[in-house]
Participant: 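Quick one: structure below, then a few questions.
Small disclaimer: the values here were computed from a predicted structure and weren't measured. Computed from heavy atoms alone, side chains included, the values below leave out hydrogens, waters and symmetry copies.
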Amino acid sequence: QVQLVESGGGSVQAGGSLRLSCAASDNTISRACMAWFRQAPERSREGVASIQTDGDADYADSVKGRFTISKDDAKNSLYLQMNNLKPEDTAMYYCAADRERSVLCRLLVLAAFESWGQGTQVTVSA
């Protein structure tokens, strides 16, 4: 079972930027559909962005134009560049892997992902 470790979270003011990283213990990132999810207090976990093995990416409407997902297969790493952050972006952010590379990954369906990190907290103040 691959281990995924997120980092890069923190506290920023609205309009600021953060870059999240997810390090994998093996080469899963190069072979799987990868994604970022987030979960705010008392809310369900929701998909933020996904990226296919060929680099093709999909985004939730709420983050389009502000967030960019990317990966470095050689470094076994996944990234999420977050710009123009808003208070409603405050959440725990998780990276996840779908080795089956199902269509559900592109649709950011929670059940498609079998491997999860522990999360990194992002807090955006007004």
Participant: Would you compute the distance between atom NZ of K71 and atom OG of S21 and round it to the nearest 0.5 angstrom?
Facilitator: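 It comes to 15.0 Å.
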Participant: Which value, rounded to the nearest 0.5 Å, describes the distance between D54 atom CG and R101 atom CZ?
Facilitator: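 The distance works out to 9.5 Å.
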Participant: Answer yes if M92 and W116 sit in the same cluster of Ile, Leu, Val, Met, Phe, Trp and Tyr residues linked by side chain heavy atoms under 4.5 Å apart, and no otherwise.
Facilitator: yes
Participant: Applying a strict under-4.5 Å side-chain criterion to I, L, V, M, F, W and Y, I'd like to know whether I29 and F113 cluster together.
Facilitator: no
Participant: List the atom of A23, the atom of S77, and the distance in Å for their closest heavy-atom pair.
Facilitator: CA-OG, 4.4 Å
Participant: How far apart are the closest heavy atoms of A35 and L78, and which atoms are they?
Facilitator: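 Minimum heavy-atom separation between A35 and L78: O-CD2, 3.9 Å.
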Participant: For T90, is there any backbone N or O sitting under 3.5 Å from a side-chain donor or acceptor partner on T123?
Facilitator: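 Not at all, since once roles are kept as given, no pair shorter than 3.5 Å links the two residues.
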Participant: Would you say Y93 ends up clustered with L18 if hydrophobic residues are merged whenever their side chains have heavy atoms under 4.5 Å apart, either directly or through other cluster members?
Facilitator: yes
Participant: Does atom CD (Q3) have a neighbourhood of more than 12 heavy atoms from anything else shown, all under 6.0 Å?
Facilitator: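 Counting other residues, nucleotides and ligands, CD of Q3 stays at 12 neighbours or fewer.
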Participant: Please give me the minimum heavy-atom distance between S70 and I51, naming the atom from each residue.
Facilitator: CA-CD1, 3.9 Å
Participant: Compare all side-chain heavy atoms of L4 with those of Y94 and state whether any distance is below 4.5 angstrom.
Facilitator: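 Answer no - side chains too far apart.
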Participant: Counting only heavy atoms from other residues, nucleotides and ligands, does the tally under 6.0 Å from CD of E88 exceed 12?
Facilitator: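 For E88, atom CD is crowded (more than 12 foreign heavy atoms under 6.0 Å).
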Participant: What's the shortest heavy-atom distance between A57 and I69, and which atoms?
Facilitator: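 Reported closest heavy-atom pair: CB-CG2, 3.6 Å.
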Participant: Kindly compute the distance separating CE (M82) from CZ (R19), expressed to the nearest 0.5 Å.
Facilitator: 11.5 Å
Participant: For the residue pair E114 and D98, establish whether any side-chain heavy-atom pair is separated by less than 4.5 Å.
Facilitator: yes
Participant: How about Q118: does its CD atom have over 12 heavy atoms from other parts shown lying under 6.0 Å from it?
Facilitator: no
Participant: Using the rule that two of Ile, Leu, Val, Met, Phe, Trp, Tyr join whenever any of their side-chain heavy atoms come within less than 4.5 Å, decide whether V2 and V5 are in one cluster.
Facilitator: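 They do not share one cluster, since no chain of ILVMFWY contacts under 4.5 Å joins V2 to V5.
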Participant: Is the side chain of E6 donor-acceptor paired with the backbone N or O of L20 at a distance under 3.5 Å, no angle test?
Facilitator: no
Participant: Is the W36 to F67 ring centre distance short of 6.0 Å?
Facilitator: no
Participant: Which heavy-atom pair separates L85 from R66 by the least distance, and what is that distance?
Facilitator: CA-NH1, 3.9 Å
Participant: When you group the ILVMFWY residues by side-chain heavy-atom contacts below 4.5 Å and let the links chain together, are V12 and V122 in the same group?
Facilitator: yes
Participant: Does K86 reach the main-chain N or O of V124 with its side chain, forming a donor-acceptor pair under 3.5 Å?
Facilitator: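 Looks like no, no N/O pair under 3.5 Å.
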Participant: Is there a side-chain contact between T68 and Y59, using heavy atoms and a 4.5 Å cut-off?
Facilitator: yes
Participant: Side chains of R106 and D56: does their closest heavy-atom pair fall under 4.5 Å?
Facilitator: yes
Participant: To check you understand the geometry: which heavy-atom pair defines the closest contact between Q121 and A91, and what is its length?
Facilitator: NE2-O, 3.4 Å
Participant: Roughly how far, to the nearest 0.5 Å, is OG1 of T120 from CZ of R38?
Facilitator: 14.0 Å
Participant: Can you tell me if CD on E100 sees more than 12 non-hydrogen neighbours from other groups inside 6.0 Å?
Facilitator: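 Not buried by this count: 12 neighbours or fewer within 6.0 Å.
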Participant: Rounded to the nearest 0.5 Å, what separation is found between the OG atom of S62 and the CG atom of D89?
Facilitator: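 It comes to 7.0 Å.
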Participant: When you check the gap from the basic side-chain N to the acidic O, do K64 and D61 get nearer than 4.0 Å?
Facilitator: yes
Participant: Could you give the distance from OG (S30) to CG (N76), rounded to the nearest 0.5 Å?
Facilitator: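 If we round to the nearest 0.5 Å, S30:OG and N76:CG are 6.5 Å apart.
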